[in-house]
Amino acid sequence: MIQSLLDLSHGFSVALEPHNLLWSFVGVLIGNLIGVLPGLGPLSAMSILLPLTYVMSPIPAILMLAGIFYGSQYGGAIGAILLNLPCHPPHAVTCLDGYPMTKQGKGGVALGITMLCSFFAASIGIIVMVFASPLLVSVAFKFGPAEIFSIMLLGLICGGTMARGTPLKGVAMTTLGLLIGMVGTDINTGTMRFTFGFPMLFSGVQLVALALGLFGVAEFLRNINNMEVITTGKLSMRDMRPSMADLKQAFFPMLRGTLVGTLFGAMPGTGATITTFIAYALEKRVSRTPERFGKGALEGVAAPEASSHSKTQIDFIPTMSLGIPGDPVMALILGGLLVQGIQPGPQLITEHADLFWGLIASFWVGNVFLILLNVPLIGVWVRLLRVPYRYLFPVAMFFIYIGVYSTNNSLFEVNEVLVFGVAGAILMALDFPISPILLGYVLGPLIEENFRRALEISGGNFLTFIEGPISATVLAIALFLVLAQLFFWMRSLHRSVSVVKPAE
């Protein structure tokens with residue numbers, strides 16, 4: 001414990017360096033802005049700015065990407081509360097009570113409580129990171145290629161089967177991501193795979209092109225005709241100051257929401273959206289007056305917002321300590337680390353202590369920035385919500401294509417972005433989740449590498465994956481998830497058949 005506190009103090013010395021502080025502020029500011037604007041989100045913003053990190057040092061690059069991530073979490077609450085616009089999916093549940101509070105003239109109070117909950121929950125998440133990450137790493141050093149393969153396979157199954165939509169579609173998109181990740185040169189044999197004769201694909205599909213296409217162009221194409229300009233009233237800083245009664249009412253929901261976000265934070269596939277709905281449902285269940293929910297209950301804002309922010313911080317534990325992203329945003333950050341030549345995993349804390357502990361310390365610094373930014377700038381964010389989407393679209397497209405071209409000065413990669421963007425928009429129109437594609441792309445090469453390495457060490461013996469207790473347990477959990485999904489699918493199919501029979 002003492003060593004963790006000493007490491008954290010070193011992290012603050014890194015995070016408070018002027019250039020690191022500047023990029024952390026830039027990330028939080030951009031993330032807050034992106035969170036406010038409908039149709040964007042952290043994936044789009046991080047994809048657009050990912051090329052910029054190629055010319056940056058690793059520490060400020062990751063601090064900026066992380067700042068965009070957790071900065072967008074609070075920004076999304078502004079549109080949900082004031083305009084009933086879930087600009088970021090996890091805040092859809094916040095609309096249920098946040099917007100009714102606005103119509104009652106309590107929108108400022110809802111924003112003030114959201115700000116307090118975000119800082120409290122994020123602080124708890126950071127504390128858990130400080131003490132849990134080194135413990136997890138000490139266990140992770142016992143992992144060999146077989147164990148790493150099993151854990152990453154579990155992450156893929158969770159990401160595929162628990163994604164939005166049917167599990168079959170999620171698995172299909174995960175498989176598509178695996179195939180995209182296989183494009184290029186086989187690292188073991190030097191054989192070209194799935195390049196279709198294009199020399200530009202010998203080094204594989206670029207992360208920037210895939211991310212910008214799927215989460216930049218596709219998102220804009222999907223939302224460009226769905227934007228309505230809505231007006232709202234004015235808010236002052238005095239309106240955002242909750243009373244003691246409000247604080248008392250929100251205190252225990254904030255604690256319960258933080259606990260939910262912390263418990264679900266390290267589970268792959270359980271995104272922040274799932275976490276917020278679980279927190280909301282739990283709060284409604286324990287409430288003595290559940291009929292108030294959906295009509296402006298403060299608890300319906302405090303609990304999901306706290307769960308969202310605590311999970312945001314906890315998400316970094318498996319990504320940084322084990323190299324296993326829990327959701328697409330973490331997969332993008334993992335890709336940013338790999339681009340910088342940094343291998344996430346158990347060695348990260350020892351080999352890149354400045355990066356790891358500087359990142360943790362920057363979370364506290366960034367959350368202070370969030371408070372300082374949102375109190376005076378709340379009026380600016382409200383005005384930005386009134387900008388028609390048709391004006392934002394061409395500006396965003398310009399930066400997307402400039403960004404991807406500047407990476408390698410390649411028009412081929414610009415065309416890749418266009419192809420992935422159109423394909424992503426078509427998949428979303430067909431109700432396919434595109435997030436598992438990125439998970440499959442990032443984890444695919446790592447899974448293949450550890451799978452082949454485990455077989456080489458064991459002399460081609462496939463039993464090596466179930467001989468170790470850790471690997472066998474993780475594979476058993478993965479098998480259980482698959483069987484559970486099959487069970488639920490067969491039960492729903494049986495119910496649909498039983499409903500149709502009487503009608504006949």
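Computed from a predicted structure; not experimentally measured.
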Over all heavy atoms of both residues, which pair between [X] and [Y] is shortest? Give the atoms and the distance, please.
X	Y	result
A121	T258	CB-OG1, 3.5 Å
L6	S9	O-OG, 2.5 Å
G261	S310	CA-OG, 3.1 Å
I126	F363	CD1-CB, 3.3 Å
G170	P433	CA-CG, 4.0 Å
F420	I180	CE2-CD1, 4.0 Å

(request) Applying ring pair (Phe, Tyr, Trp, His ring centres under 6.0 Å), name anything that partners F198, two or more places apart in sequence or on another chain. (result)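 For F198 the ring pair (Phe, Tyr, Trp, His ring centres under 6.0 Å) partners, ignoring immediate neighbours, are F412.
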
When you measure from the side chain of [X] to the backbone of [Y], do you find a donor-acceptor pair of N or O atoms at a distance under 3.5 Å?
X	Y	value
S308	P304	no
T185	F202	yes
S24	L21	no

If you round to the nearest 0.5 Å, how far is [atom2] of [Y] from [atom1] of [X]?
X	Y	atom1	atom2	value
L481	L486	CG	CG	11.0 Å
L63	H19	CG	NE2	8.5 Å
I360	L355	CD1	CG	10.0 Å
I314	T262	CD1	OG1	5.0 Å
T174	L176	OG1	CG	9.0 Å
S13	W357	OG	CH2	12.5 Å

(message) Set out, in order, the CA-CA distance, both residues' side-chain angles and the distance that settles side-chain contact (heavy atoms from CB on, under 4.5 Å) for W364 and I127, then state yes or no.
(response) CA-CA 10 Å; W364 256 313; I127 292 172; 3.9 Å; yes

(request) Assess whether side-chain contact (heavy atoms from CB on, under 4.5 Å) is satisfied between I62 and I342, documenting all intermediate values. (result) CA-CA 11 Å; I62 300 304; I342 298 174; 5.9 Å; no

(request) Under the side-chain contact (heavy atoms from CB on, under 4.5 Å) rule, what do H10 and V14 come out as? Steps first, then yes or no, please. (result) CA-CA 7 Å; H10 172 67; V14 174; 3.9 Å; yes

(message) With heavy-atom distances below 4.5 Å as the criterion, would you say the side chains of E305 and H309 are in contact?
(response)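 Heavy-atom side-chain distance check passes, below 4.5 Å.
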
(message) Taking the side chain as everything from C-beta on, heavy atoms only, tell me whether E416 gets closer than 4.5 Å to L210.
(response)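 When only atoms from C-beta onward are counted, L210 and E416 do not touch, as no gap falls below 4.5 Å.
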
For residues 436-452, run the donor-acceptor check on the side chains, cut-off 3.5 Å, and write out each pair with its distance to 0.1 Å, sequence neighbours left out.
unit_1: Y441; atom_1: OH; unit_2: V205; atom_2: O; d: 2.4
unit_1: Y441; atom_1: OH; unit_2: L207; atom_2: N; d: 3.3
unit_1: E448; atom_1: OE1; unit_2: R193; atom_2: NH2; d: 3.3
unit_1: E448; atom_1: OE2; unit_2: R193; atom_2: NH1; d: 2.8
unit_1: E448; atom_1: OE2; unit_2: R452; atom_2: NH1; d: 2.8
unit_1: E449; atom_1: OE2; unit_2: R453; atom_2: NH2; d: 2.5
unit_1: N450; atom_1: ND2; unit_2: L446; atom_2: O; d: 2.8
unit_1: R452; atom_1: NH1; unit_2: D186; atom_2: OD1; d: 3.2
unit_1: R452; atom_1: NH1; unit_2: D186; atom_2: OD2; d: 3.3
unit_1: R452; atom_1: NH2; unit_2: D186; atom_2: OD2; d: 3.4

Donor-acceptor pairs under 3.5 Å, side chain of residues 465-476 to any protein atom, not counting sequence neighbours: which ones?
unit_1: S471; atom_1: OG; unit_2: S150; atom_2: OG; d: 2.6
unit_1: S471; atom_1: OG; unit_2: F465; atom_2: O; d: 2.5
unit_1: T473; atom_1: OG1; unit_2: P469; atom_2: O; d: 2.7

(message) Apply side-chain contact (heavy atoms from CB on, under 4.5 Å) to residues F25 and V365 and explain how you reach the verdict.
(response) CA-CA 9 Å; F25 175 79; V365 176; over 6 Å; no

